[in-house]
Structures are given as structure tokens and as C-alpha cells.
Amino acid sequence: MTTAEAGTVYLVGSGPGDPGLLTVKARDLLESADVVLHDRLPGPEILDLIPDGNAEDVGKRAHSDKRTSQAEINERLVAYATDGKSVVRLKGGDPFVFGRGGEEAEYLADHGVPFEVVPGVTSPVAAPGVAGIPVTHRDHASSVTFVTGHEDPTKPESSVDWAALAAAGGTIVVLMGVTRLPDYTAALRDSGMDPETPVALVERGTRPNQRVATGTLDTIVAARDEVGIEPPAVTVIGGVAGVREELEAFLR
């Protein structure tokens, strides 16, 4: 059993939501740490592993005033560790995949705080996988790109080059992209991607209330609305999204 050490911060990934996919090391640290600063993405079954009084919700809620700034989270991590406490910073998925774990690691290092990274099963691979969508496949894609869907594709300063992605081929997995789905699917079409390219949305992948919508670049927005897909969800764009149709009847 791994026991959390005093004065150390653990940047822990909780996986995509299914408590069975939480690593043994992550579970041990949740049970032994003095304080756990957690996001909203880990499910209740995982958060219930934290002893009473040790959990602090620092999650960010979209379109809500209820949020803890990243600066405040960083400061709390350092303050608790400096006070001699063992600290877990619990995130959904993997802490270094769109989880700001890299920023927190740099802040801890700058302040002389020892830390350890505990990887988690990452949702851009796990959520499509449980829905019958392999992100790579010899017949469809030999590369996969993870991008954020938060950004407006029409921004001149956008860090996501949708035109380059459209030209590159392979699989594109978009995280946090439910709201801007019409924008980036249009950007891909305008950049020359075939409108008939398969697309799938997987909401709350690996959880009992998982939902999936499928379509093409042309039809996926209507499919999203028909199914009622809401965040958190991942978008899979590319030939691999069409594999689900072959596998769906046999998925458990």
C-alpha cells in the first residue's frame, strides 16, 4: 500500500469516471492523504473514498460564478505542503492531459515543494474505447491528435490550427468541445475535410449514464441535439468513429 508522505503533493489522475478504472496507487493516496483538493469530474464513488473532512472541492463550473481560480489552487497546494500535510490534487482523467497538472507542477517546483505525478486513464482514449471507437486503427488512422474545444476556431490567435488538422488526416479527439461543435466542424469542412467524415460524441464515457451520438461532419450537430449530449464529452473525428457501427451490438 502506498501511503501519502507529509509535505508532499500528489498530482493524481482519477481516470474517466468508472471507479474500477482508478489505479490502486491513486486509491491508496486518497485514503491516506491529509487533504484532497478535487475537481468536479471524479464521480461520487471515487470521492466517497476520501475520509470525512479531508476533501475540498476546487472544481471549475462552466457558466457559473462558483469557481476557484488556478492561482488560489496553486497557493493552497504550497500552503498545505509547507504546513507539513500530505496533499492530493485529484483530477479527472490524467493530470497532464488538459488538466493543468503541468502548471501546478511548475508552481510547486518554483516554491521548493516535492511532488509526485500519479497518471490516470485518460478520457480521450478511454471514452471512445468503451464506446467501440479505437482512436487508432490500421485501416483508418495511424495518428491521433488531442485538441481543446474551448477555443473559438474563428479567432486569429487561436492555438489550434484546424486547417492543418484537416490536411493531416488521422483521428482528431476534441475535449471540452460540446458547445463549440458547430464552429470547429464548420472550420474543418471549410478547410477541405470531407463532409461525410464520421464523427462521434461520447458523453460521460465509462459511466453508467454514458451516451453516444454519431454522424458525420455535416450531421453531427443535429445528432448531438437529438440525443441531448451535454458536457463532459469527447468528440472523435475520423474514420475510426465509423468502427462503432460494426461493434456496437457486441459491446458490454
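- For Glu31, there are no salt bridge (charged side-chain N to carboxylate O under 4.0 Å, His left out) partners two or more places apart in sequence or in a different chain.
- Among pairs with a residue in residues 17-26, those fulfilling salt bridge (Lys or Arg N to Asp or Glu O under 4.0 Å) read Lys25-Glu116, at least two apart in sequence or across chains.
- Every residue was checked against the salt bridge (charged side-chain N to carboxylate O under 4.0 Å, His left out) condition with Arg204, not counting sequence neighbours, and none meets it.
- Remark: Ser14 pairs with Leu22, Pro42, Ile46, Leu90 by the side-chain contact (heavy atoms from CB on, under 4.5 Å) rule, at least two apart or across chains.
- The salt bridge (charged side-chain N to carboxylate O under 4.0 Å, His left out) test applied to Arg244 returns Glu248, not counting sequence neighbours.
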When the side chains of residues 118-133 are checked against the rest of the protein, which donor-acceptor pairs come out under 3.5 Å, sequence neighbours left out?
none

### side-chain contact (heavy atoms from CB on, under 4.5 Å) between Tyr10 and Val87, worked out
CA-CA 6 Å; Tyr10 298 87; Val87 187; over 6 Å; no
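- Residues that satisfy the side chain to side chain donor-acceptor pair (under 3.5 Å) test with Thr235, not counting sequence neighbours, are Tyr184.
- The existence of a salt bridge linking Asp39 and Arg89 is confirmed by a sub-4.0 Å separation between a basic side-chain nitrogen and an acidic carboxylate oxygen.
- Under 4.0 Å is where a charged nitrogen must lie from a carboxylate oxygen, and between Glu104 and Lys91 at least one such pair does.
- In terms of the salt bridge (charged side-chain N to carboxylate O under 4.0 Å, His left out) criterion, Glu226 has no residue partners (sequence neighbours excluded).
- For Pro182, the side-chain contact (heavy atoms from CB on, under 4.5 Å) partners at least two apart in sequence or on another chain are Val221, Arg224.
- Clustering of Ile, Leu, Val, Met, Phe, Trp and Tyr side chains at separations under 4.5 Å leaves Phe250 isolated, with no partner residue.
- Side-chain atoms of Leu29 and Thr3, non-hydrogen and from C-beta on, never get closer than 4.5 Å to each other.
- Distance check: Ile73 CD1 to Glu103 CD gives 10.0 Å after rounding to the nearest 0.5 Å.
- Applying the side-chain hydrogen bond (donor to acceptor under 3.5 Å, both in side chains) test to pairs two or more places apart or on separate chains, those with a residue in residues 73-86 are Asp34-Ser86, Glu56-Arg76, Glu56-Tyr80, Gln70-Asn74, Glu72-Arg76.
- With sequence neighbours excluded, no residue forms a side-chain contact (heavy atoms from CB on, under 4.5 Å) with Ser142.
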